[in-house]
Amino acid sequence: MQEIDVYNLVGESGIAKLVAAFYRRVPQDDILGPMYPPDDLANAEQRLRDFMIYRLGGPPRYLEERGHPRLRARHAPFKINQAARDRWMKLMSEAMTETRLPAEAEQFLRTFLDGMSTFLINHQ
């Protein structure tokens, strides 16, 4: 399965539901919660939603508003270690289960997000 197939399968609404389910878990999480300022949580959700929509073949709003993703540079201010990466994946996995994405889309996203989250580790 390719990115555009995921977008065509779940659409913007499916991606938005997934990202919203993830961000509902963040504030009470002991590892990730402190990384997200409470007054910026809605903006963080919008950024991830727009990035995922763009990256999976949808409209390029993320690029139009923020430019090139530069994910490592944008995440550099945060100490992302293996524990933070694993917790991010755990919460995203729970969000995928909650939103009941089609199996093929979920499988693609798990592989894609696993690699992306590992790429963002910047601290021992």
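Residue indices begin at 1 and follow the sequence shown.
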When rounded to the nearest 0.5 angstrom, what is the spacing between [atom1] in [X] and [atom2] in [Y]?
{"X": "Arg55", "Y": "Asp50", "atom1": "CZ", "atom2": "CG", "result": "15.5 Å"}
{"X": "Leu18", "Y": "Glu106", "atom1": "CG", "atom2": "CD", "result": "9.0 Å"}
{"X": "Tyr54", "Y": "Leu63", "atom1": "OH", "atom2": "CG", "result": "4.0 Å"}
{"X": "Leu91", "Y": "Asp86", "atom1": "CG", "atom2": "CG", "result": "11.0 Å"}
{"X": "Leu56", "Y": "Leu109", "atom1": "CG", "atom2": "CG", "result": "6.0 Å"}
{"X": "Phe78", "Y": "Tyr36", "atom1": "CZ", "atom2": "OH", "result": "7.5 Å"}

With a 4.5 Å limit on heavy-atom distance, are the side chains of Ser93 and Trp88 in contact?
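No. Closest side-chain heavy atoms not under 4.5 Å.
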Flag side-chain contact, heavy atom, 4.5 Å: Tyr62 against Pro69
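Result yes, sub-4.5 Å side-chain heavy-atom pair found.
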Show the numbers, then the answer: is there a side-chain contact (heavy atoms from CB on, under 4.5 Å) between Arg25 and Met92?
CA-CA 9 Å; Arg25 291 163 165 76; Met92 186 56 78; over 6 Å; no
Is a donor from one side chain sitting under 3.5 angstrom from an acceptor on the other, for Asn43 and Asp40?
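The answer is yes; a qualifying pair exists.
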After noting the C-alpha distance and the side-chain angles of Met96 and Leu113, does the key distance pass the side-chain contact (heavy atoms from CB on, under 4.5 Å) rule?
CA-CA 11 Å; Met96 282 190 246; Leu113 294 172; 4.1 Å; yes
With a 6.0 Å cut-off (strictly less than), is the heavy-atom count around CD of Gln82, excluding the residue itself, greater than 12?
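Yes - once you tally the heavy atoms of other residues, nucleotides and ligands closer than 6.0 Å, there are more than 12.
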If every non-hydrogen atom of [X] is compared with every non-hydrogen atom of [Y], which pair is closest and at what distance?
{"X": "Glu104", "Y": "Leu9", "result": "CG-CD2, 3.8 Å"}
{"X": "Ile15", "Y": "Met52", "result": "CG2-CB, 3.7 Å"}
{"X": "His75", "Y": "Leu71", "result": "ND1-O, 2.7 Å"}
{"X": "Ala95", "Y": "Phe22", "result": "CB-N, 3.5 Å"}
{"X": "Arg74", "Y": "Arg66", "result": "NH2-O, 2.6 Å"}
{"X": "Thr99", "Y": "Ala21", "result": "CG2-CB, 4.0 Å"}

Name the residue from Ile80, Leu120, Ile121 that meets the side chain to side chain contact (heavy atoms under 4.5 Å, CB included) definition with Arg72.
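When Ile80, Leu120, Ile121 are each tested with Arg72, the side chain to side chain contact (heavy atoms under 4.5 Å, CB included) holds only for Leu120.
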Using a strict threshold of under 4.0 Å (side-chain N to carboxylate O), is an ion pair present between Arg24 and Asp29?
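Salt bridge between Asp29 and Arg24, a charged N being under 4.0 Å from a carboxylate O: no.
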Electrostatic pair Glu12-Arg61, nearest N-O below 4.0 angstrom
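Here Glu12 pairs with Arg61 in a salt bridge, since their nearest N and O are under 4.0 Å apart.
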Stepwise, does the side-chain contact (heavy atoms from CB on, under 4.5 Å) test hold for Arg87 with Lys90?
CA-CA 5 Å; Arg87 184 63 58 86; Lys90 178 182 184 297; 4.3 Å; yes
Intermediate values then yes/no, side-chain contact (heavy atoms from CB on, under 4.5 Å), Arg85 and Asp114
CA-CA 9 Å; Arg85 177 258 180 232; Asp114 182 70; 2.2 Å; yes
Do the side chain of Asn122 and the main chain of Asn81 share a donor and acceptor less than 3.5 angstrom apart?
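Checked: no pair found.
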